[in-house]
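All chains are named by letter (A, B, ...) in the order of the sequence lines, taking the proteins before the strands, and each is independently numbered beginning at 1.
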Amino acid sequence: MIKSNLKQIVREAAQRAHAEGHLPSDDFPDVEIEEPKIETHGDFSTNLAMIMAKVQKMPPRKVAEILQPYLEEAAAWIQQTDIAGPGFINFFIAPDAWGPVLTTIHAANDRYGASAFGKGRKIQVEFVSSNPTGPLHVGHGRGAAVGDSVARILAFSGYDVQREYYINDSGRQIRTLGLSVLLRYSALFGESIDFPETCYQGDYIIEMARALKDQQGDRLLSQSEDEAVTTCARYAAGLIIEGIRQDLLDFGVSFDQWFSEQSLYDSGRVDASIATLREKKQVYEKDGALWFKSTDFGDEKDRVVVRNNGITTYFASDIAYHQEKFERGFDRVIDVWGADHHGYIPRMKAAVAASGVNPENFQVILVQLVNLLRGGAPVAMSTRAGEFVTLQDVVNEVGSDAARFLFLTRHYDSPLDFDLELAKQKSNDNPVYYVQYVHARIASICRKAEIDLPVDAPLDPQALAVLTDPEDVQLIKQLNRYPDIIQTSARFMEPHRVTFYLMTLAGAFHSYYNRQRVLTDDPITTKGRLYLVTAVQKVIRNGLALLGVSAPDHM
RNA sequence: GCGCCUGUAGCUCAGCUGGAUAGAGCAACGGACUUCUAAUCCGUAGGUCGCAGGUUCGAGUCCUGCCAGGCGUACCA
């Protein structure tokens with residue numbers, strides 16, 4: 001609020017200076033207001049004079065000098081302006097001008113930081129989309145945390161968000177799943193059978209085979225292998241998806257839609273897409289296969305959509321799927337993928353472009369891998385051998401809050417070491433508790449305060465005036481940053497910005513708490529400080545909610 | 001070979017898309033509990049931002065070339 005007012009003031013100062021003949025050009029760039037790192041540089045600063053110097057044909061400091069008088073008279077809350085360094089204009093804000101920030105926070109409550117940035121545009125976030133051939137592992141957990149948080153942040157920033165899970169319930173691997181279960185099932189009846197390496201090795205396969213036996217008896221043994229595999233595949237995939245859905249719910253993640261790949265085949269959608277490609281001459285035949293001309297749209301080589309055995313590739317259904325997404329009316333489509341799929345992006349962008357959609361409206365968030373550690377030592381994992389730590393294991397061991405928070409303490413672009421021992425530790429090594437502790441501490445103060453005076457009493461104007469110590473102002477300034485953080489986080493789809501902000505705010509609060517008593521003998525001071533810390537509490541709760549992490553009243 | 005990602009304090013990472021004197025947390029060292037929750041705080045120390053050029057008033061950030069690590073380069077999904 002202060003910042004945008006300042007922006008306006010600077011803009012008007014430049015206009016007036018030009019109107020009164022002090023600046024030759026009216027070609028004004030966008031005004032950027034930033035917060036200097038160093039205290040002596042003021043509360044805010046602008047580099048406008050430096051940017052304009054060339055156009056105005058005068059040195060930056062001269063431009064700043066021309067602007068300065070207009071700025072100083074613009075508002076009473078601008079206490080002082082300085083011209084510094086190569087031509088920065090620094091603003092010092094009157095200490096009593098910060099109070100209204102708190103009023104804004106309390107009025108907006110859990111909507112503080114929300115914006116109309118997305119202008120109501122429809123956006124889809126597709127994430128996790130793990131194959132229904134086994135339980136989710138830790139890597140999926142990171143993808144889930146990132147996708148879910150991005151979705152929350154975008155929704156909070158004025159987008160109409162839809163969350164979707166794409167189920168790869170078609171193709172060879174699902175047959176392999178069926179075969180794996182069938183073999184284990186047959187073994188239960190004493191048949192000695194080789195269990196190939198290509199099959200899924202985990203114990204969960206055996207468990208499903210047992211359940212199937214309990215349910216169906218020996219009925220499958222009399223079926224043809226093809227029929228039995230299909231039965232097993234359908235049964236197992238259904239069970240696994242249900243498990244995945246439950247694991248994600250336990251992780252605080254839910255979806256608006258579960259989209260089946262098989263449904264694209266059943267409805268003829270894949271064939272229709274291929275037909276369209278043919279009509280548009282975006283495919284050609286070579287070596288008995290059908291190739292999509294992705295090189296026409298920036299890919300490095302053309303890609304097969306129908307193999308020479310007549311079977312479509314995974315890419316074919318993906319083309320159909322993404323066309324279908326945009327036909328559903330989304331302005332933007334976001335896919336969250338594991339970083340090992342990055343080679344797939346150019347062809348997917350090409351496919352989107354080929355269907356006449358601006359490829360910029362399709363974006364992929366690549367989430368780097370998770371290295372699972374225990375006490376600093378790597379935890380051996382091998383999907384092939386069926387040895388892996390599942391997301392459910394992690395949630396059971398360290399809790400959903402800790403896991404989600406830690407997944408979001410890194411930019412998704414960089415690999416993440418996830419240490420199970422560290423995540424469990426309820427100490428200052430663990431940032432989750434550091435942040436949650438703020439909320440609990442303030443809740444505790446409120447519990448105590450209510451003995452003496454009601455927290456939700458309308459604020460005495462005098463009480464706001466109490467909050468002018470540097471300690472108070474520093475904390476309020478921190479709160480004032482929140483909406484900008486959210487907006488940047490939405491613009492770049494980077495939830496870790498929220499995580500880092502919360503850690504910083506938590507640090508500022510803990511520091512404040514150790515210096516200033518909230519509940520004092522003076523009722524006005526107490527009121528003012530309660531007003532301040534409950535605002536902190538709201539922002540903490542608000543930010544944690546965007547990460548999908550709870551804000552406890554007791555710890 | 002080609003493509004993508006990464007390289008910042010001893011360790012793990014931020015750095016608001018080009019701003020001023022480089023920022024946290026761990027780890028190290030020294031302090032603070034009769035107090036609204038010590039799951040906390042205060043202080044000290046720690047740097048050739050992988051290397052070399054370039055762009056400009058100004059580069060950790062942008063461009064080029066190297067070096068190192070990870071991943072990818074299917075008629076698999």
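- In this structure, A:F259 and A:Y321 have tilted ring planes: the angle between them lies in the 30° to 60° band.
- Seen from the ring of A:Y513, A:R441 counts as a face-on cation partner, given the 6.0 Å and 45° thresholds.
- Among the heavy atoms of the strands lying under 4.0 Å from A:P86 is at least one base atom, whether or not backbone atoms are also near.
- Nucleic acid contact class of A:S45 (heavy atoms, under 4.0 Å, all strands): base.
- Between A:Y482 and A:Y501, a ring centre-to-centre spacing shorter than 6.0 Å is recorded.
- Checked options A:T312, A:V270, A:D318, A:I319; the residue passing with A:V305 is A:I319 (criterion: side chain to side chain contact (heavy atoms under 4.5 Å, CB included)).
- Residue contacts shown for A:R303 are absent, as no nucleic acid heavy atom lies under 4.0 Å away.
- Side-chain atoms of A:N47 come within donor-acceptor range of the base of B:G19, with a qualifying N/O pair under 3.5 Å.
- Residue contacts shown for A:H41 include a base, since a base heavy atom lies under 4.0 Å away.
- For a distance-only test at 3.5 Å, the side chain of A:H342 qualifies as a donor-acceptor partner of the base of B:G3.
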Could I get a table of every N or O pair under 3.5 Å where one atom is in the protein and the other is in nucleotides 30-33 of chain B?
none

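- For A:N90 against B:A20, a side-chain N or O and a base N or O form a donor-acceptor pair under 3.5 Å.
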Do nucleotides 6-15 of chain B as a string where each nucleotide becomes B, S or -: B if the base has a protein heavy atom under 4.0 Å, S if just the sugar-phosphate does, - if no protein is that close. S-----SSSS
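- Between A:Y344 and the phosphate of B:G3, there is no side-chain N or O to OP1/OP2 separation shorter than 4.0 Å.
- Which of B:A77, B:U17, B:A38 sits closest to the side chain of A:F492 comes down to B:U17.
- In terms of polar N and O atoms assigned as donor or acceptor, the side chain of A:D484 never comes within less than 3.5 Å of the base of B:C16 in a complementary pairing.
- Residues A:L408 and A:S149 are in side-chain contact: their nearest non-hydrogen atoms beyond the backbone lie under 4.5 Å apart.
- Regarding contacts with the backbone of B:A38, a side-chain N or O of A:Y513 is found under 4.0 angstrom from either OP1 or OP2.
- Atom-to-atom, CD1 of A:I445 to P of B:U40 comes out at 16 Å; the value is rounded to the nearest Å.
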